[in-house]
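Shown next, in structure tokens, is the structure this report addresses.
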2 protein chains.
Amino acid sequence: MGLMSEPRWLTDEEQRVWRDFYTAVGMLRAHLETQLQQDANMPHTYYELLVTLSEAPGQVMRMSDLAVATRSSRSRLSHAIARMEDNGWVRRRACETDKRGSFAHLTQAGLAALEAAAPGHVEAVRASVFDQLSPEQVRQLGDISAVIVDNLSPRCAAAAEELERLERDPAGA
Amino acid sequence: MGLMSEPRWLTDEEQRVWRDFYTAVGMLRAHLETQLQQDANMPHTYYELLVTLSEAPGQVMRMSDLAVATRSSRSRLSHAIARMEDNGWVRRRACETDKRGSFAHLTQAGLAALEAAAPGHVEAVRASVFDQLSPEQVRQLGDISAVIVDNLSPRCAAAAEELERLERDPAGA
DNA sequence: GCAGATTGGTTGAGGGCTCAACTAGGGGTA
DNA sequence: TACCCCTAGTTGAGCCCTCAACCAATCTGC
């Protein structure tokens, strides 16, 4: 596509679908976020961290692996784990073999918080999504999501590599 | 549903679909947000405000109407408009007939910012969604979104009313 | 006309996120 | 060993959001 070419605007139909989709996603996020915040006093990202940790063997993970698994930046994870440590949900442990490294491991209190939060959250997801859709639509939603993820995943990786390249070689020589 | 009843957990299939969907939405949001932030120096919520204002007759709207139209809280809108006013994209005007009221009206600079941002944003939406889906899938996505919105809309309204009721009558007498 | 409730909007504190800068340990090569 | 780069993780500033408190103007019932 040339720099000056006419943008490919959305058709009326596409625009309608896009606005509905964006609205649906926004309402869904807001709904789940407030449900979790009010009933379990945690944002959804922390819930994801607790779930991921709880599924790890020994309920311990390297910070870096946890960041990849939750598609979180290192910075975000570091801030989040710091706060969750204050809550008593997680404890950090040093890595013996690589002194730079750090483990996050789920505490009993963390597991308890997750187990308290899960039923309400799952019920909210079921009530607002799966109860509303036919089995056929659930399958369709899965396919559509997979297509979008497959398309965006390499793009994210490519962007990250491009950034790294630029940092190493700012002049683009 | 009784208070102590067993939660209706998701099936494996539902869980797979849910994780894919959540991943897709997360990647999509992140992708569009950074595209808009880097290319047009605005968050997506400000883009929505500019679009909504630009479509209003006279490119003016009451703050309250703008909040409803963008499903934004009054507080969020107030903060956002304050910042956009600093950017020169919007100006506030007092309402003569209701001295509590306030109008937000789009400036030339605001319209220019929107027109500069739109092509890149639309292209990103097209590339990451509509180019990836068949016409049939676009239709499916529209239907699914509409179902979710229809279900969640009254729930939001009901929750808001419930909150108001509780504030007026905290004891629930 | 006036007291009380409601509405329109703003404000400040606090939380979560991003971005850029930084510390510190590990690994390769001469 | 010395040097350089890379990796793991943390930190602080700044932005956006939410929540609760607040002010001022309007409406309602008496």
Query raised in the report: Heavy-atom distance under 4.5 Å between the side chains of His105(A) and Val90(A), does that happen here?
Result: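 No, side chains not in contact.
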Requested in this report: Could you point out which residue of Asp150(A), Val147(A), Ile144(A) forms a side-chain contact (heavy atoms from CB on, under 4.5 Å) with Gln132(B)?
Outcome: Val147(A)
**Report entry** Derivation of the salt bridge (charged side-chain N to carboxylate O under 4.0 Å, His left out) call for Arg19(A) and Glu55(B)
**Finding:** CA-CA 15 Å; Arg19(A) 293 196 177 190; Glu55(B) 291 173 346; 3.1 Å; yes
Query raised in the report: So does Glu85(A) pair up with Arg91(A), basic N to acidic O under 4.0 Å?
Result: no
Query raised in the report: Looking at Arg16(A) and Glu13(A), does any basic side-chain N land under 4.0 Å from a carboxylate oxygen?
Result: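 Salt bridge present between Arg16(A) and Glu13(A).
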Report task. Report the C-alpha separation of Arg139(A) and Glu136(A) in whole Å, then their side-chain angles, then the decisive distance to 0.1 Å, and conclude whether the salt bridge (charged side-chain N to carboxylate O under 4.0 Å, His left out) test is met. Result -> CA-CA 5 Å; Arg139(A) 205 185 51 69; Glu136(A) 180 66 9; 3.0 Å; yes
Query - Side-chain N or O of Thr45(A) closer than 4.0 Å to phosphate OP1/OP2 of dC17(C) - result: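 Checking dC17(C) against Thr45(A), a side-chain N or O does come within under 4.0 Å of OP1 or OP2.
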**Report entry** Phosphate-side-chain proximity, Tyr46(A) and dG16(C), N/O vs OP1/OP2 below 4.0 Å
**Finding:** yes
Spacing between [X] atom [atom1] and [N] atom [atom2], to the nearest angstrom:
X: Asn41(A); N: dG15(C); atom1: CG; atom2: P; value: 11 Å
X: Ile81(B); N: dC16(D); atom1: CD1; atom2: P; value: 12 Å
X: Leu36(A); N: dG16(C); atom1: CG; atom2: P; value: 12 Å
X: Arg29(B); N: dC16(D); atom1: CZ; atom2: P; value: 14 Å
X: Glu33(B); N: dC15(D); atom1: CD; atom2: P; value: 15 Å
X: Gln37(A); N: dC17(D); atom1: CD; atom2: P; value: 16 Å

When you measure from the side chain of [X] to the backbone of [Y], do you find a donor-acceptor pair of N or O atoms at a distance under 3.5 Å?
X: Thr107(A); Y: Trp89(A); value: yes
X: Arg126(A); Y: Arg8(B); value: yes
X: Thr34(A); Y: His31(A); value: yes
X: Gln38(B); Y: Gln35(B); value: no

Query raised in the report: Pro43(B) or Thr34(A): which one's nearest nucleotide on DNA chain D is closer to the 5' end?
Result: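 Taking each residue's closest nucleotide, the earlier one in sequence belongs to Pro43(B).
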Report task. Tell me which residues in residues 83-97 of chain A put a heavy atom below 4.0 Å from DNA chain D, sorted by number, or none. Result -> Arg92(A)
Atom pairs, protein N/O to nucleotides 21-25 of chain C N/O, distance under 3.5 Å:
unit_1	atom_1	unit_2	atom_2	d
dG25(C)	N2	Arg100(A)	NH1	3.0

Query raised in the report: For DNA chain C, which residues in residues 61-80 of chain A have a heavy atom at a distance below 4.0 Å?
Result: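 Close to the strand are Ser73(A), Ser75(A), Arg76(A), His79(A).
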Report task. Anything under 30° is parallel, anything over 60° is perpendicular, the rest tilted; go ahead and classify His121(A) against His44(A). Result ->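 Correct class here is tilted.
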